[in-house]
Each structure stands twice: as C-alpha cells, then as structure tokens.
2 protein chains.
Amino acid sequence: MFLVSFIPLQPDAPMGTPGLPHERSDAARNRERLLCAARELVDEFGADALTMDALACKAKVGKGTVFRRFGSRAGLMMTLLSDAESEFQRGFMFGPPPLGPGASPEDRLVAFGEGRIYFVLENGELLKAAGAATRNRFDVPATKLSHRHMEVLLREAGIADPWVMAMSLTYALDPERIVDDVRVRGISPSRLTDSWRELITRLLKAT
Amino acid sequence: MFLVSFIPLQPDAPMGTPGLPHERSDAARNRERLLCAARELVDEFGADALTMDALACKAKVGKGTVFRRFGSRAGLMMTLLSDAESEFQRGFMFGPPPLGPGASPEDRLVAFGEGRIYFVLENGELLKAAGAATRNRFDVPATKLSHRHMEVLLREAGIADPWVMAMSLTYALDPERIVDDVRVRGISPSRLTDSWRELITRLLKAT
DNA sequence: ATAGAAAACGGACCGTAGTCCGTTTAGTAT
DNA sequence: ATACTAAACGGACTACGGTCCGTTTTCTAT
C-alpha cells in the first residue's frame with residue numbers, strides 16, 4: 001500500500017533513530033540507559049509519576065541529554081510505545097481479516113475499533129502521556145496512520161466526507177476517553193466495544 | 001425537565017458563587033477585579049497567553065487569592081465561559097426547535113452539533129484552556145449536561161446504549177478537535193457541520 | 001599519534017501552575 | 001467602642017517541563 005511508507009513511526013526522531021547513520025557511541029549508550037531507566041520507572045510508579053528530572057537522575061545522565069534524545073516528555077512516551085504501536089499497526093495493515101485486508105470495510109472498522117479499545121486499555125497511561133502536552137495530538141504519527149486507515153475504509157463504504165468522519169471516529173476512540181470511561185466511570189470494556197459496533201454498523205448500513 | 005437543576009454551572013465554586021450566602025466585601029471586590037482583569041488580558045493577548053501571575057499582578061491581588069477564588073486555571077476559564085455556556089444551554093433545553101424541544105431527536109441532535117461547532121469556534125481558546133489540565137474533562141459541568149442531553153435524545157431514537165454513544169459523540173465534538181480542524185488543518189466549518197449531519201442521519205436512520 | 005570539528009553532554013536557569021502558612025481584615029457579639 | 005474569630009490575603013516556595021550554552025567526548029583526516 002502506497003500510504004504506508006510516508007508516515008514515520010517516530011515523532012521526528014530528534015536525532016539518531018535506533019542505529020541509522022553514524023550514531024556516536026556515547027549517544028547510543030545513553031539512549032539505552034535512558035530507555036532502560038524509563039521502563040523501570042514506569043513499571044514501578046506508573047507513567048504519570050515519571051518526571052524528566054527523575055529519569056535523568058536514575059539514568060545518570062544530564063537533563064539536557066534526556067531532552068536532546070526524546071525532544072519532550074511526549075516524545076519519550078511515544079518511544080516507549082513504539083513497539084506495541086507498530087505491532088498494532090501491522091495487525092490492521094497486513095494481518096488476517098477482519099482486522100487486516102480481506103473483509104468488508106464495515107467489518108474491518110468494527111475490528112479496528114475493538115482492537116484499538118483493548119490496545120488503549122493496555123497502554124493507557126503511556127498513550128495519555130504521549131498525547132497530552134503535544135500541541136494537537138493529531139501530530140502523533142500513529143494517530144495519523146490510524147486516521148488514514150479509517151479514512152480509506154470509510155471512503156470505500158461510501159461516506160461523503162471520509163476525512164472528517166475519520167476524525168470524528170478518531171476522537172471517539174481517544175485514549176483519555178476510553179481510559180476514563182473504564183477506570184473512572186466504571187464502564188466495562190465490552191460495553192465500549194458493543195457501542196462501537198453499533199456506531200459503525202448503523203453508520204455504514206444506510207443507503 | 002428534572003435533569004436540569006442537579007447540575008451546577010460552576011466547577012464547584014471554590015467559595016462564594018456570585019452573591020450567595022455571606023460573602024465578605026473584600027472577597028467580592030477582589031472577584032470583580034480579577035474577572036475584569038482576566039477579560040482584559042484575554043481580549044488583548046488571548047486566553048493561551050494568560051498566566052496566573054500576570055492576572056494576579058494586573059488585578060493588584062496576591063497569587064493565593066487568584067487560586068482561592070477559582071481553584072485552578074481551568075476553573076478561571078470556566079468562570080469566564082459561564083455566561084456564554086449558559087446561553088447555549090438555554091438554547092438546547094428551552095429554546096425553539098429544532099434545537100429546543102418540539103423537533104425529532106434526529107433533527108435536535110443535528111442542530112445541537114451544529115450549534116456546538118459554532119459555539120466552539122467562537123470560544124475555542126477558552127474552552128481548550130478550560131478542558132486542559134482538568135483531570136477528566138468530563139468533570140466540566142457543562143460537558144456533563146451536554147452529554148445528558150444527547151443521551152436522552154439517543155435513547156428516544158432507539159440507540160441501544162445511549163450513555164456510551166453520547167460519550168462517543170461528545171468526544172467527536174471535542175473543542176480541541178474542532179478548533180484544530182478549522183484553524184490548523186484548514187477544514188471549513190461547513191464541512192464539519194455537514195459531516196456531523198451525515199453522522200447523525202445515518203446513525204439514527206437504521207431500524 | 002595528533003589535531004580539529006562536529007556532536008553530545010550536563011546542569012544551571014527560566015516560566016508557569018499550584019501550595020503553604022504567617023499576617024491582615026471584615027463581620028459579630030458584647 | 002472593643003475584642004474575638006473566621007475568612008481572606010499575599011507572596012515566598014515547590015515541582016516540573018523545557019531551554020541555553022560553556023565544556024567534554026568521539027570520530028576523522030592527516
């Protein structure tokens with residue numbers, strides 16, 4: 001699919017993605033130290049409690065280095081998410097139907113939403129932290145890709161303005177919304193997926 | 001409607017709503033000074049540029065006083081919005097159809113979304129500032145009321161889980177989404193309202 | 001091996017939201 | 001009028017994200 005390759009998985013990778021061009025050895029070492037420390041802190045205290053100072057300290061690295069590496073707190077969270085996010089993306093782009101290609105747009109959208117809801121429930125803290133503080137969350141590349149995916153399916157299904165409709169659906173699946181529905185407002189995940197199915201089914205049935 | 005009176009317009013009014021029980025005269029005076037200064041700062045520099053320090057300074061008041069009065073930056077923004085918000089609420093609760101009672105749920109929902117979109121475009125900065133930093137935006141009372149309103153209409157229209165569906169629609173109308181669509185991504189307001197109409201129409205047509 | 005340049009480093013520094021607590025002041029009871 | 005109390009005040013203080021810039025380290029070319 002021609003859409004895929006134009007959307008990078010990282011925010012803009014402030015410098016030296018994993019091992020691309022020449023990355024200085026000290027930089028590589030520090031990146032490893034930082035990611036390692038970050039994962040430990042997240043595991044132990046949760047993503048919300050992670051401060052950039054604490055991270056720098058734990059990784060035995062200057063604060064400037066943290067920001068050079070990840071650009072911002074949101075960037076760090078995105079990096080922490082990127083493996084899981086890539087896997088989810090592979091699922092809806094290349095995986096088996098109904099999530100992947102081969103099923104009807106309707107079935108694929110239902111499956112996409114369900115997958116997304118469970119994905120968010122597993123990575124909610126990180127996702128919220130990645131989205132917050134980012135001036136327009138839509139800049140998060142993974143969000144852009146999801147949006148494009150839904151846009152294509154909605155167009156196939158005959159929606160008049162698929163770009164805008166995809167945006168509505170993107171916000172309906174907002175991490176903050178999903179996490180708070182389940183954890184704060186006590187809605188069960190299955191109610192969310194059922195309602196999503198109802199939404200997509202009705203939306204694509206008409207005409 | 002019995003729903004109305006249980007939902008206060010203010011967050012929790014840290015102390016002394018406009019003129020309720022005994023409000024000390026100095027408190028009243030300072031509240032007036034603060035609101036006045038805040039409106040001037042917002043008019044001149046925009047809501048985004050308003051800092052609590054600058055506000056305290058301009059109102060000739062200590063910083064502690066600002067926070068005692070409004071609780072937080074978000075609380076201040078909500079207070080600034082409350083007149084406009086009340087008017088919008090009157091529109092969909094008591095005003096003429098199709099926004100107010102008397103039209104079909106479908107027409108009322110379409111009108112509600114359109115009204116909301118234009119409302120957000122007029123008060124976007126304030127709304128974004130009121131929503132941000134508020135741990136779950138759903139706590140904003142006006143949001144709660146809108147949600148209830150949509151929930152009732154969706155139930156009338158035969159939606160299986162109107163509470164959850166209303167939440168999806170609430171997020172589809174998120175101020176950040178609407179403002180960024182129009183001002184950052186260059187989508188015209190009429191595209192947004194057209195798409196909203198398509199969403200509601202299809203959603204409520206089936207079965 | 002050496003020197004020079006580019007990249008990375010570190011931590012002091014800044015702006016801002018929000019808290020704390022000792023001081024002041026408005027109402028009230030005598 | 002006076003004294004008392006609870007509310008309100010103010011501004012120093014903290015926490016945190018993010019920036020800046022002088023210093024150090026790595027790589028490369030000779």
Side-chain angles (χ1 to χ4, degrees), chain A residues 11-17 19-35 37-38 41 45-79 128-135, chain B residues 11-17 19-35 37-38 41 45-79 128-135:
Chain A
D12 61 358
M15 273 291 100
T17 340
L20 272 175
H22 302 312
E23 186 189 26
R24 260 173 57 166
S25 57
D26 50 349
R29 177 175 42 82
N30 283 336
R31 182 161 39 71
E32 219 42 53
R33 284 235 292 267
L34 280 166
L35 285 174
L41 286 174
F45 305 107
D48 293 343
L50 183 148
T51 73
M52 301 304 262
D53 287 288
L55 174 58
C57 179
K58 171 142 192 162
K60 301 270 185 50
V61 141
K63 197 177 179 180
T65 302
V66 182
F67 280 89
R68 148 180 335 253
R69 202 59 61 199
F70 303 108
S72 67
R73 190 170 185 279
L76 167 68
M77 298 301 179
M78 281 186 251
T79 304
K128 277 171 75 168
T134 297
R135 204 150 281 305
Chain B
D12 62 358
M15 272 291 99
T17 341
L20 272 175
H22 302 312
E23 186 189 25
R24 259 171 59 164
S25 56
D26 49 351
R29 176 174 43 80
N30 283 337
R31 182 160 40 70
E32 218 42 53
R33 284 233 293 266
L34 280 166
L35 284 174
L41 285 175
F45 305 107
D48 292 343
L50 183 148
T51 73
M52 301 304 262
D53 286 289
L55 174 57
C57 178
K58 172 142 191 162
K60 301 270 185 50
V61 142
K63 197 177 179 181
T65 303
V66 182
F67 280 89
R68 149 176 338 234
R69 202 60 61 199
F70 302 109
S72 68
R73 190 170 185 277
L76 167 68
M77 297 303 179
M78 281 187 247
T79 304
K128 277 171 74 170
T134 296
R135 206 150 278 305

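Note that the coordinates shown come from a computational prediction; the quantities given were computed from them, not determined experimentally.
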Protein-nucleotide distance (B:Leu34, atom CG; D:dG10, atom C1'), rounded to Å: 12 Å
statement: dist A:Leu55:CG -> A:Phe67:CZ (nearest 0.5 Å) comes out at 9.5 Å
statement: Picking from C:dG18, D:dG17, C:dC9, the nucleotide nearest the side-chain atoms of A:Thr65 would be C:dC9
- prompt: When you measure from the side chain of A:Phe67, which nucleotide among D:dG17, D:dC9, C:dG18 comes out closest?
  reply: D:dG17
field: Integer-rounded Å distance: C:dA7 P and A:Arg31 CZ
entry: 17 Å
- request: Could you tell me which non-hydrogen atom of A:Glu23 sits nearest to which non-hydrogen atom of A:Ala28, and how far apart they are?
  value: OE1-CB, 3.7 Å
message: If I compare all heavy atoms of A:Leu34 with all of A:Ala59, which pair ends up nearest, and what's the gap?
response: CD2-CB, 3.6 Å
message: Is A:Asn30 close enough to C:dA8 that one of its side-chain N or O atoms is under 4.0 Å from OP1 or OP2 there?
response: no
- request: To the nearest Å, give me how far apart NZ (B:Lys60) and P (D:dG11) are.
  value: 12 Å
- line: All heavy atoms of B:Met77 vs all of B:Ala47, minimum pair found to be CE-O, 3.8 Å
- prompt: How long is the line joining CZ of B:Phe70 and P of C:dA17, in whole Å?
  reply: 14 Å
Below 3.5 Å between N/O atoms, which protein atoms pair up with nucleotides 27-30 of chain C? Just atom names and distances, please.
{"residue": "C:dG27", "atom": "OP1", "partner": "B:Ser25", "partner atom": "N", "Å": "3.1"}
{"residue": "C:dG27", "atom": "OP1", "partner": "B:Ser25", "partner atom": "OG", "Å": "3.2"}

query: B:Leu76 versus B:Val66: any side-chain heavy-atom pair under 4.5 Å?
result: no
message: Without decimals, in angstroms, what is the distance between A:Lys58 NZ and C:dG11 C1'?
response: 21 Å
- request: By nearest nucleotide on DNA chain C, pick out whichever of B:Arg29 and A:Ala27 is the more 5' one.
  value: A:Ala27
message: Distance check needed: C:dT16 C1' versus B:Leu76 CG, whole Å only.
response: 14 Å
query: Checking all strands, does A:Leu50 fall into the base, sugar-phosphate, or nothing category for heavy-atom contacts under 4.0 angstrom?
result: sugar-phosphate
- prompt: Where each residue is assigned the nucleotide of DNA chain D containing its nearest heavy atom, which of B:Gly64 and A:Gly64 is assigned the position nearer the 5′ end?
  reply: B:Gly64
- request: Using whole Å, report how far CE of B:Met52 lies from C1' of D:dA12.
  value: 17 Å
- request: Measure from CG on B:Asp53 to C1' on D:dC13 and round the result to the nearest Å.
  value: 12 Å
statement: All heavy atoms of B:Asp48 vs all of B:Arg73, minimum pair found to be O-NH2, 3.5 Å
- prompt: Relative to the 5' end of DNA chain C, which residue comes earlier, A:Gly62 or B:Lys63, by the nucleotide with the nearest heavy atom?
  reply: A:Gly62
message: For A:Arg69, is there any backbone N or O sitting under 3.5 Å from a side-chain donor or acceptor partner on A:Arg31?
response: no
query: If you check every side-chain atom of A:Arg68, which of D:dC9, C:dG18, C:dG10 has the closest atom?
result: C:dG10
